[in-house]
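Every value quoted in this text rests on a predicted model; they were computed, and no experiment measured them.
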Amino acid sequence: MEFEVTGSLIQSYTICKRQVWLMARQIVPDQEHPYIEIGRLIDENSYRRDRKKIHFENIIIDLVRTDKYNLLIGEVKKSSRALESARMQLLFYLYKLKQHGIMAKGQLLFPEEKRREVVELTEETEAEVTNAIKEITEIVQKDKPPGFVKIPYCKNCGYKEFCMS
Ligand code: SF4
């Protein structure tokens, strides 16, 4: 099956492997490729003065250019429960940008908790991303989704009718 690993699939991967399989078989809307937009914005001179915001899913990406780096700031409004999926998503975008020759750093902000976390591509975090991409690819290539295991997230999941019927 033809598909491309997206930030949404990376996010699902941190939540539920069954969701990865189900989601990969849905039509993927354009907004699921924000790294393309991020790359385009980084190329635009106009954003030197303006901060550009890109909204998707549970995070808002705020693009800032500093002296040394392009900086992506993901603002996570919900609690740090969303930390792992937001962190993996941001790492994934940093990885995609690196593949396009753009070096960037990330920061996750938790305004309600008044804290921030630096997200950076290192040998280790890059390996996390490539492992996630590899495992997602393996999951999606299977004929059947991984079995249903009820988790707290199920009550907010778009596939709950499907999984629980
Ligand atoms: S309902 Fe639960 S098991 Fe089913 S895809 Fe969603 S999170 Fe995964």
Side-chain angles (χ1 to χ4, degrees), residues 1-41 52-63 72-100 104 106-113 115-121 124-165:
M1 179 196 146
E2 290 273 320
F3 86 105
E4 191 185 350
V5 176
T6 62
S8 299
L9 285 178
I10 291 278
Q11 191 193 24
S12 290
Y13 173 80
T14 63
I15 298 168
C16 169
K17 310 282 191 289
R18 183 174 167 87
Q19 196 187 71
V20 169
W21 190 94
L22 293 168
M23 190 180 273
R25 279 159 169 72
Q26 304 291 305
I27 292 160
V28 182
D30 283 351
Q31 80 214 30
E32 300 216 351
H33 299 277
Y35 62 88
I36 293 170
E37 196 183 347
I38 293 166
R40 187 175 55 75
L41 289 174
K52 297 276 184 188
K53 285 204 173 215
I54 303 159
H55 296 246
F56 63 98
E57 295 176 348
N58 64 336
I59 62 175
I60 299 167
I61 289 267
D62 199 357
L63 198 59
L72 307 182
I73 299 173
E75 186 178 318
V76 181
K77 287 244 156 53
K78 291 175 194 163
S79 74
S80 49
R81 210 164 71 87
L83 168 66
E84 185 49 21
S85 60
R87 188 184 77 90
M88 276 301 281
Q89 254 184 333
L90 203 44
L91 280 174
F92 176 72
Y93 297 130
L94 294 174
Y95 172 78
K96 296 301 280 189
L97 288 172
K98 186 180 169 191
Q99 288 189 317
H100 287 85
Q107 241 179 49
L108 289 176
L109 305 183
F110 299 87
E112 281 159 30
E113 298 173 16
R115 74 185 183 96
R116 66 182 61 205
E117 174 148 333
V118 173
V119 178
E120 227 173 318
L121 271 189
E124 253 175 38
T125 56
E126 194 165 330
E128 272 186 73
V129 176
T130 51
N131 283 339
I133 292 171
K134 185 169 164 279
E135 207 181 323
I136 288 169
T137 308
E138 285 166 7
I139 292 167
V140 174
Q141 300 300 345
K142 296 212 163 108
D143 292 342
K144 288 185 186 161
F148 169 56
V149 178
K150 199 171 174 198
I151 55 170
Y153 185 85
C154 291
K155 63 178 184 298
N156 302 315
C157 177
Y159 299 109
K160 72 176 177 212
E161 306 272 308
F162 176 85
C163 287
M164 296 189 190
S165 58

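Gln141 pairs by the side chain to side chain donor-acceptor pair (under 3.5 Å) definition with nothing, not counting sequence neighbours. Considering only residues two or more places apart in sequence or on other chains, Lys150 meets the side chain to side chain contact (heavy atoms under 4.5 Å, CB included) condition with Phe148, Cys154, Met164. Listed by chain and number, the residues in a salt bridge (Lys or Arg N to Asp or Glu O under 4.0 Å) with Glu135 amount to none (sequence neighbours excluded). With sequence neighbours excluded, the residues forming a salt bridge (Lys or Arg N to Asp or Glu O under 4.0 Å) with Arg87 are Glu84, Glu128, listed by chain and number. Partners of Thr125 according to the side chain to side chain donor-acceptor pair (under 3.5 Å) rule, which considers only residues two or more places apart in sequence or in another chain, are Thr122. Taking the side chain to side chain donor-acceptor pair (under 3.5 Å) definition, one finds that Lys160 meets it with nothing, sequence neighbours left out. Tyr95 meets the side chain to side chain donor-acceptor pair (under 3.5 Å) test with Gln99; sequence neighbours excluded. Partners of Val118 under the side chain to side chain contact (heavy atoms under 4.5 Å, CB included) rule, at least two apart in sequence or in another chain, are Gln107, Glu120. Looking at residues two or more places apart in sequence or on another chain, you find a salt bridge (Lys or Arg N to Asp or Glu O under 4.0 Å) between Lys134 and Glu138.
In terms of modelled atom types and a separation under 3.5 Å, the side chain of Arg115 and the main chain of Leu108 share no donor-acceptor contact. Proximity of a side-chain donor or acceptor of Trp21 to a complementary backbone N or O of Pro146 within less than 3.5 Å is not detected.
Taking the centre and axis of the six-membered ring of Tyr153, the NZ or CZ atom of Lys155 falls outside the cone set by 45° and 6.0 Å.
Note that CZ of Phe92 and CG of Leu97 are 10.0 Å apart. Values are rounded to the nearest 0.5 Å. The structure places CD1 of Ile133 at 9.5 Å from CD of Glu4, a figure rounded to the nearest 0.5 Å. Taking CG of Leu9 as the start and CD1 of Ile136 as the end, the distance is 5.5 Å to the nearest 0.5 Å. Atoms CG and OG, from Leu22 and Ser12 in turn, are 9.0 Å apart once rounded to the nearest 0.5 Å. Distance CD/Gln19 to CD1/Ile151: 7.5 Å, rounded to 0.5 Å.
Inter-residue side-chain proximity for Leu91 and Glu126 is flagged as unmet; no heavy-atom pair is nearer than 4.5 Å. Inter-residue side-chain proximity for Cys157 and Ile15 is flagged as unmet; no heavy-atom pair is nearer than 4.5 Å. Side-chain contact between Val5 and Tyr13 is absent, with no heavy-atom pair separated by less than 4.5 Å.
When all heavy atoms of Ala104 and Leu94 are compared, the closest pair comes out as O-CD2, 3.4 Å.
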**Item:** side chain to side chain contact (heavy atoms under 4.5 Å, CB included) between Thr6 and Gln11, worked out
**Value:** CA-CA 9 Å; Thr6 62; Gln11 191 193 24; over 6 Å; no
